[in-house]
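To keep things clear, I will list the structure first and then write my remarks on it.
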Amino acid sequence: MKTIDDLQVGGKRVFVRADLNVPLDGETITDDGRIRAAVPTIAGLVKSGAKVIVASHLGRPKGAPDPRFSLAPVARRLGELLGKEVVFATDTVGDGARQAVAGLGDGDVALLENLRFNAGETSKDDAERGAFADQLAALADVYVGDGFGAVHRKHASVYDLPARLPHAAGHLIASELNVLKQLTDDVKRPYAVVLGGAKVSDKLGVIDHLLERADRILIGGGMAYTFLKAQGHEIGNSLLQEDQIPAVQEYLARAKERGVEFVLPVDVLVAAEFPDLKTKAPAHPQAVSAAEMPAGQMGLDIGPATCELYASKLADAATVFWNGPMGVFEHPDFAAGTKAVAQALVESPAFTVVGGGDSAAAVRILGFDENAFGHISTGGGASLEYLEGKTLPGLAALED
């Protein structure tokens, strides 16, 4: 796979497919981590005298313009980080985009409006996707794929567009792949994996894959309650994917057979109802044994004994991969579990990888120094699918 360092870009129009899908509160960006991660590639192209055309999606608009998902606030923040104006095109391939690109001088930057405002971006119809990719290709001379958080999507700007232009990977994708190879090809042991998040169904593929590779797997978040139920425990009103219980039981048996240590919560924090994430009103949680959860209560975080247990299981690891929060970390009453895992990674001498998505957001929201971790991925779903051994369309498209 060629990288950006293999390209001669001076004076050329370079299309950069970035991942600028940041959370917004109105027009306020609440976490700019993905924008900052895109800066090195864009700044390098600016320094090389390229005419830089940046494109991304944001949120899930329905294939038509929706002001709630405009990238205008992102253009402003990107300009601040680059220290130069970023021209904002008010559409993706229309007059606004063409005019913005035509006005670029060497070293200038334009950001197109949200790619998903065009139905061709996410279409499952190859012809419709291809037609949109043709329009995007007409804007540029060279393609740089750098939106790691989107490489698992077969979308026009990720999969179809690279086939229409000379192409290479940006610095972010190159660094993400370098890290993921350290989790798959040459792993230093003991190798510990921490998996959380709401749904066990989202993690079945990666658990299946990791049972052949990890030395221990720690489970938290909403998905933990399906595991506890599979062991015969009462889980009250906690999140449950009952249809996944047979698969979970099979994985627990396989782990025992293969000598993989599978660690589940020994205590949890429960409350009568889901907390109010807007007002952050006190939820009055109670710590109870994971084997004796009271009826009518729901588990919302791992408990203090589990925090200590998980920290001890990570202390001697040489490699740690973490994906998914341990509880409803957005509420202060249920943030302790996620905070404890993050702190354990900070204190560990291991090579630590935070696998994107909510875990990466939690690290920043809870106030941790990002440099205290070995790597914080920008792509939760992409990281998981890579670790499952899947072929990711956006990476395959960048191969020669």
- Kindly write out the residues that satisfy side chain to side chain contact (heavy atoms under 4.5 Å, CB included) with Ala272, not counting sequence neighbours, or none if the list is empty. Gln297

- Query: Just wondering, are more than 12 heavy atoms of other shown residues or ligands nearer than 6.0 Å to CD in Glu308?
  - Reply: no

- Query: Got more than 12 heavy atoms from elsewhere within 6.0 Å of CZ, Arg189?
  - Reply: yes

- State whether the number of non-hydrogen atoms from other residues, nucleotides or ligands found under 6.0 Å of Lys2 atom NZ is greater than 12. no

- Message: Going by side chain to side chain contact (heavy atoms under 4.5 Å, CB included), name the residues that satisfy it together with Ala396, two or more places apart in sequence or in a different chain.
- Response: Thr391

- Message: Please give me the minimum heavy-atom distance between Phe88 and Ala72, naming the atom from each residue.
- Response: CZ-N, 3.5 Å

- Determine whether more than 12 heavy atoms belonging to other residues, nucleotides or ligands lie under 6.0 Å from atom CD of Gln249. yes

- Going by an N to O cut-off under 4.0 Å, is there a salt bridge joining Arg76 and Glu27? yes

- Item | CZ on Phe368 to CG on Leu345, rounded to 0.5 Å | 9.5 Å

- Task: For the pair Thr306 and Asp267, evaluate side chain to side chain donor-acceptor pair (under 3.5 Å) and give the outcome as yes or no after the intermediate values.
- Result: CA-CA 6 Å; Thr306 305; Asp267 67 339; 2.6 Å; yes

- Are Asp134 and Arg129 within salt-bridge range, i.e. N to O under 4.0 Å? no

- Query: Of the non-hydrogen atoms in Ser157 and Leu136, which two are nearest, and what is the gap between them?
  - Reply: CB-CD1, 4.1 Å

- To the nearest 0.5 Å, tell me how far Phe69 CZ sits from Leu58 CG. 7.5 Å

- Message: Using 0.5 Å steps for rounding, measure from the CE atom of Met293 to the CG atom of Leu228.
- Response: 7.5 Å

- Message: Would you say CD of Glu399 has more than 12 non-hydrogen atoms from neighbouring residues, nucleotides or ligands within 6.0 angstrom?
- Response: yes

- Item | Non-hydrogen atoms of Thr90 and Glu113 that approach each other most closely | C-CB, 3.8 Å

- Task: For Arg254, check side chain to side chain contact (heavy atoms under 4.5 Å, CB included) against everything at least two apart and list the hits.
- Result: Asp208, Leu211, Glu212, Glu250, Tyr251

- Message: To the nearest 0.5 Å, what is the distance between CG on Leu395 and CD on Glu176?
- Response: 10.0 Å

- Return yes when atom OH of Tyr159 has more than 12 non-hydrogen atoms of other residues, nucleotides or ligands closer than 6.0 Å, and no otherwise. no

- Give a yes or no on whether a salt bridge exists between Lys278 and Asp276, defined as a side-chain N under 4.0 angstrom from a carboxylate O. no

- Message: The criterion is salt bridge (charged side-chain N to carboxylate O under 4.0 Å, His left out); which residues satisfy it with Lys313, sequence neighbours excluded?
- Response: Glu261

- Message: Quick check on Lys280: does its NZ atom have over 12 non-hydrogen neighbours (other residues, nucleotides or ligands) under 6.0 Å away?
- Response: yes

- Task: From the options Ile4, Leu7, Val9, select the one residue that forms a side-chain contact (heavy atoms from CB on, under 4.5 Å) with Ser48.
- Result: Val9

- Please walk me through it: do Gln182 and Thr319 pass side chain to side chain donor-acceptor pair (under 3.5 Å)? CA-CA 9 Å; Gln182 293 180 64; Thr319 304; over 6 Å; no

- Provide the full list of salt bridge (charged side-chain N to carboxylate O under 4.0 Å, His left out) pairs with a residue in residues 365-382, sequence neighbours left out, each pair given once. Arg36-Glu370, Arg364-Glu370

- Item | For Ala311, side chain to side chain contact (heavy atoms under 4.5 Å, CB included) partners two or more places apart | Ala344

- Taking all non-hydrogen atoms of both residues, which atom of His57 and which atom of Leu71 are closest, and how far apart? O-CD2, 4.5 Å

- Item | From Phe117 atom CZ to Ser70 atom OG, the distance as rounded to the nearest 0.5 Å | 5.5 Å

- Item | Interatomic spacing from CG in Leu115 to CG in Asn21 - rounded to 0.5 Å | 11.0 Å

- So Gln241 and Thr226, side chain to side chain donor-acceptor pair (under 3.5 Å) or not? Walk me through it. CA-CA 6 Å; Gln241 287 189 286; Thr226 300; 5.2 Å; no

- Quick one: do Asp146 and Arg17 make a salt bridge, cutoff under 4.0 Å? no

- Specify the closest pair of heavy atoms between Gly147 and Ile173, including all atoms of both residues, with the distance to one decimal. N-CD1, 4.1 Å

- Item | Heavy atoms of other groups near Glu234 CD, more than 12 under 6.0 Å | yes

- Task: Quick one: closest heavy-atom pair of Ala382 and Val151, and the distance?
- Result: CB-CG2, 3.9 Å

